[in-house]
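Notes follow once the structure below has been shown.
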Amino acid sequence: MLASRRSFLMGAAALSAAVVTPETVRAMAAMQASADWALATADLEGDVARRVMQRVHGRAPAGLEGALFRNGPGKFRRPGGSATHWFDGDGLMRAFRVRDGQATLEARFADTPKRRWESEIDAVVTPGFGTPGGERARIGSPNDANAANTAVMAAGDEVWALWEGGSPMAMDAGDLSTKRFVTLRDDLKGMPFQAHPRYDPDGTVWNIGLWGDQMIVWRLNADRSLHTAEVVPLPRASYMHDFTATARHLVIVMQPWVFDHHTMPYAAQFAWKPELGTQVMVIDKADLSRTRIFELPTFSYFHLGDAWEDGSGTIRFDVAAGKDVQFAMEGARVMVEGRGTVPGEPAQLSLITLHTDGRAEMTSSGITAEFPRSDPRRAGLARRYTAHVAGERGGRPLPTGLAVHDWETGRSDAFDFGDGVIMEEAVWVPKPGRSGERDAWLVAPAINLRAGVTELHAFDAARVADGPVASWRADIALPAGFHGLWVG
Amino acid sequence: MIRIATLAAAALMALTAVPARADDATITLTFETGATTGKVMVALFNSEGSYQSSQPVAAQQIDASGSVVAVFDHLPPGDYAVKAFHDVNGDGQMNTNPFGIPVEPYAFSNNAVGNMGPASWARAHFTVSGDTAQTISIR
């Protein structure tokens with residue numbers, strides 16, 4: 001299988017000048033035993049020039065025109081030392097472009113100071129979320145550690161590769177070449193800008209950046225220029241990968257994974273304290289000093305869905321909720337090892353309700369889910385559906401299918417490819433001229449493990465169980481990405 | 001992690017001129033700046049102790065509108081290191097963002113970069129036995 005062969009060759013190259021010891025033989029044997037999902041965290045050795053994808057199923061729906069930009073780690077291992085955590089690979093920007101029924105794929109690494117230095121010395125030395133780093137790290141500012149590997153924001157003729165501890169990295173949307181770190185105002189240079197901005201219907205962008213128990217709240221105009229930035233104190237120094245928003249409020253979800261002591265890697269600074277419960281702070285977008293606190297039972301999370309509120313002011317949002325931080329601390333390490341068992345249980349799609357009288361409740365759908373996404377036309381507004389990846393099981397990481405959950409009926413419209421496929425996050429692509437919530441396609445890549453290649457699938461959001469309406473196949477496999485964005 | 005860098009960078013702000021000891025060597029430092037406003041503040045150190053405590057043996061402020069060259073002369077042979085920052089807006093301070101991270105460029109001799117802090121003496125120092133020149137990128 002391709003993954004094993006690739007790992008083996010890499011290992012063999014690294015050992016070429018070494019004596020073959022019993023340890024070496026054992027290590028080689030272990031590499032041979034790579035998990036079938038190991039292609040998800042394989043290394044990509046360089047940029048991938050634009051190539052045509054072959055249509056292997058269905059027909060491209062008329063009106064599906066645009067580009068899916070996706071970001072995610074693409075390179076973990078170097079001879080002198082490697083990233084040991086899934087979140088710490090070099091950012092690789094992918095572009096799946098669909099036009100006239102044809103699809104193409106290309107990918108380029110974000111040309112960060114981290115990647116430049118580590119390429120020069122052929123060793124990963126920069127500390128990250130879960131990678132300790134080494135003596136040779138060169139970090140004079142947060143952006144020197146910026147992997148630019150998490151998500152994407154569109155900005156005119158640029159796409160911004162987002163991380164969470166530093167600035168966006170601007171890349172050219174046409175050829176994915178790296179331009180510069182984005183400074184939204186000179187006095188805010190290097191401030192953290194997280195990976196999950198939220199959007200108002202008028203194009204206003206909201207985002208946060210965390211620094212202990214302080215948070216900068218970014219508000220950008222539709223043209224991506226800065227409107228305002230304000231520092232807001234937080235009741236606890238919680239690790240947060242995401243936040244959400246309604247049309248009127250920001251919703252900050254503080255899991256009980258809280259700052260404990262300064263150390264590296266970054267995640268090791270936080271202690272899991274389930275006895276604290278999970279707190280939610282709701283902030284008035286019109287006056288960031290107006291806040292309310294809600295208390296919820298303990299859960300962990302990485303990803304939230306868009307929030308909405310009804311006429312009474314009751315706020316609702318979904319979350320891919322976990323029980324603890326085992327995946328973040330240990331599972332993501334196993335992912336890069338490419339073998340072994342990933343501990344912990346997969347997250348479940350849950351709905352959180354914040355009542356106007358201060359009560360908060362959480363209801364689990366019982367469905368395994370990650371990467372919740374919803375109709376961008378309804379961002380911050382009332383909605384009924386959530387798309388998510390599905391099929392992950394305890395012990396085997398990564399999802400195998402896609403589903404749309406209906407919060408009104410509790411029904412799940414799901415399709416599963418089976419263990420031969422790793423499903424990646426799907427984005428909603430509204431059908432032109434239509435306005436119904438499910439008048440959309442869900443577009444997502446997947447890794448076909450049997451063929452050893454990356455595929456692109458388009459589903460009808462109203463009929464997911466029917467399977468993709470169109471599928472295209474590349475002649476290469478890219479490692480699994482994290483988050484994407486459709487630009488029509 | 002960058003708090004350490006901030007503290008060290010703050011130390012750069014207290015640049016005070018100290019008379020050089022009479023001797024023969026000259027250090028010429030050419031700075032490549034990303035802006036042409038304000039001044040580049042340059043501090044020269046002649047020992048690890050002085051470097052760590054930010055007690056420069058000499059210091060200069062170079063206008064950034066033209067070529068930015070700092071010349072330290074009449075120096076005795078020995079080991080030296082340089083800390084510099086570009087006061088782009090000319091307010092005499094090293095400005096930081098709301099979380100304390102420097103927003104004005106700073107640099108060290110050898111173009112050394114620190115590891116979650118200022119560049120160490122080990123990375124930044126260089127040996128002077130005669131006339132010595134370095135080009136330092138400060139962007």
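Order of the sequence lines fixes the chain letters, A, B, ..., with proteins taken first and strands second; residue numbering starts at 1 for each chain. Every heavy atom of this structure was used, including side-chain atoms; hydrogens, water molecules and symmetry mates were not. The model shown is predicted, which means the values in this text are computed figures rather than measured ones.
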**Message:** Using the side-chain contact (heavy atoms from CB on, under 4.5 Å) criterion, which residues pair with A:Ser225? Sequence neighbours excluded.
**Reply:** A:Asn221, A:Asp223

**Request:** Heavy atoms only: give me the nearest B:Arg123-A:Arg138 pair and the separation to one decimal.
**Result:** NH1-CG, 3.9 Å

**Request:** Side-chain contact test, heavy atoms from C-beta onward, threshold under 4.5 Å: evaluate it for A:Trp211 versus B:Pro98 and give yes or no.
**Result:** no

**Prompt:** More than 12 heavy atoms of other residues, nucleotides or ligands under 6.0 Å from NZ of B:Lys39: is that the case?
**Reply:** no

**Asked** What is the minimum heavy-atom distance between A:Gly190 and B:Ile101, and which atoms define it?
**Response** O-CD1, 4.1 Å

**Item:** CG on B:Asn97 to CG on A:Asp186, rounded to 0.5 Å
**Value:** 11.5 Å

**Asked** In terms of heavy-atom pairs under 4.5 Å with chain A, which of B:Asn89, B:Val88, B:Val103 leads?
**Response** B:Val103

**Prompt:** Which heavy atom of B:Val113 sits nearest a heavy atom of A:Asp144, and at what distance?
**Reply:** CG1-OD2, 4.1 Å

**Request:** May I ask you to check whether over 12 heavy atoms, not counting those of A:Arg290, lie within 6.0 Å of atom CZ?
**Result:** no

**Prompt:** Any idea which heavy atoms bring B:Phe99 and A:Gln214 closest together, and the distance?
**Reply:** CE2-CB, 3.9 Å

